[in-house]
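Data block below; observations after.
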Amino acid sequence: MRSILMAMSLAGLATSAGATDPAALLAEFQAEAVRADPGFGGFSAVRGAAFFSQPHGGDWQCTSCHTDQPIQSGRHAVTGKAIAPLAPAANPQRFTDAAKVAKWFRRNCRDVLDRECTAAEKGDVLTYLRSLAP
Amino acid sequence: MNTTITSLLPSRCIRTALIAALLALSSSSPALFALAGLAASLPAHATGVPTATAMDARAVWQSECGGCHIAYTPGLLPRRSWQALMGSLDRHFGTDASLDPATSATILAYLETQSRDTASRTADAAPLRITELAWFRREHRRAAEGTRSGPARSLSDCTACHRGAAAGVFEEEDEDEGARSEGRHGHHWENHE
């Protein structure tokens with residue numbers, strides 16, 4: 001039993017904590033978006049920028065912590081703790097850890113939208129962030 | 001907006017969140033539960049010299065709990081408090097700080113070994129806010145009253161005054177609460193309560 005659990009644990013690590021990169025993530029989001037809507041037409045940086053900066057009905061929006069210049073550092077709206085830039089051009093570590101990406105999209109989308117984001121929304125935001133240059 | 005977010009979460013909400021978290025946990029797969037149990041059992045073997053596992057648990061705690069704020073020293077709260085906090089991470093003082101069950105179990109096990117249960121605390125007390133503990137209020141009286149100037153954004157912003165807080169060192173400036181001159185930093189405490 002224990003060896004089975006250990007094997008499952010290792011398998012879990014391999015899939016959830018895997019190294020990735022923005023392009024690979026976008027491909028995954030794309031596949032998921034097409035599964036949800038076979039007519040999905042592709043991601044949009046413009047849509048992603050609007051999604052990132054607009055209110056979604058709650059107290060917070062993405063810019064509350066990440067600012068409207070996510071190529072620069074942000075600050076946690078409550079604790080004040082510094083948040084490194086989201087844009088990969090300014091912070092190459094961003095979007096290179098699949099588990100971390102999943103964790104933060106889950107948390108932040110629930111905080112901002114009171115639900116999890118769709119693959120299309122995540123892809124739009126990542127496309128927007130990738131479009132930013134220092 | 002800050003004020004709204006940081007205003008105290010009513011205990012009713014915490015209770016609701018706790019129940020929701022428990023329901024969420026109970027609906028997750030048995031395999032995850034088993035893994036969580038396995039992870040939770042490992043640090044318990046640590047006695048005296050830290051084992052590799054115990055050190056890993058500390059690193060996980062430091063990394064995850066230190067993501068949005070400093071990783072608050074486990075000894076600041078009793079075991080029951082950490083159990084309650086780790087059971088309601090999806091509603092963590094107004095934000096979603098949810099973790100996967102295995103990571104959560106690893107962190108809770110670490111917190112449980114490092115927590116501080118003192119005889120003076122009532123048997124079932126599980127305070128959730130360090131800043132509401134009687135000794136904390138006493139030692140930060142002027143800050144809590146909003147009559148003291150300082151660089152901190154809130155009472156939970158330990159590092160603003162205690163430079164070693166992230167490493168669990170608070171001693172060096174304990175006496176400052178009464179001694180530090182007003183207006184020295186040019187900012188005022190925002191008392192969110």
Should we say atom CG of Asp21(A) is surrounded by more than 12 heavy atoms from elsewhere, each under 6.0 Å from it?
yes
Approximate separation, where rounding is to 0.5 Å, of Lys100(A) NZ and Ser63(B) OG
7.0 Å
Value for CG (Asp111(A)) from NE2 (His92(B)), rounded to nearest 0.5 Å, stands at 11.0 Å
Under a 4.5 Å cut-off applied to non-hydrogen side-chain atoms, are [X] and [Y] in contact?
X        : Y         : answer
Thr95(B) : Trp60(A)  : yes
Glu64(B) : Lys103(A) : yes
Cys68(B) : Lys81(A)  : no

Thr79(A) side chain to His69(B) main-chain N or O, any donor-acceptor pair under 3.5 Å?
no
Is a donor on one side and an acceptor on the other found under 3.5 Å between the side chain of Arg107(A) and the backbone of Ala97(B)?
yes
Do Trp135(B) and Tyr72(B) land in one hydrophobic cluster if side-chain heavy atoms of ILVMFWY residues count as linked below 4.5 Å?
yes
Any chain of hydrophobic side-chain contacts (each under 4.5 Å) joining Tyr128(A) to Ile83(A)?
no
Would Arg106(A) and Ser98(B) count as having a side-chain donor-acceptor pair, cut-off 3.5 Å?
yes
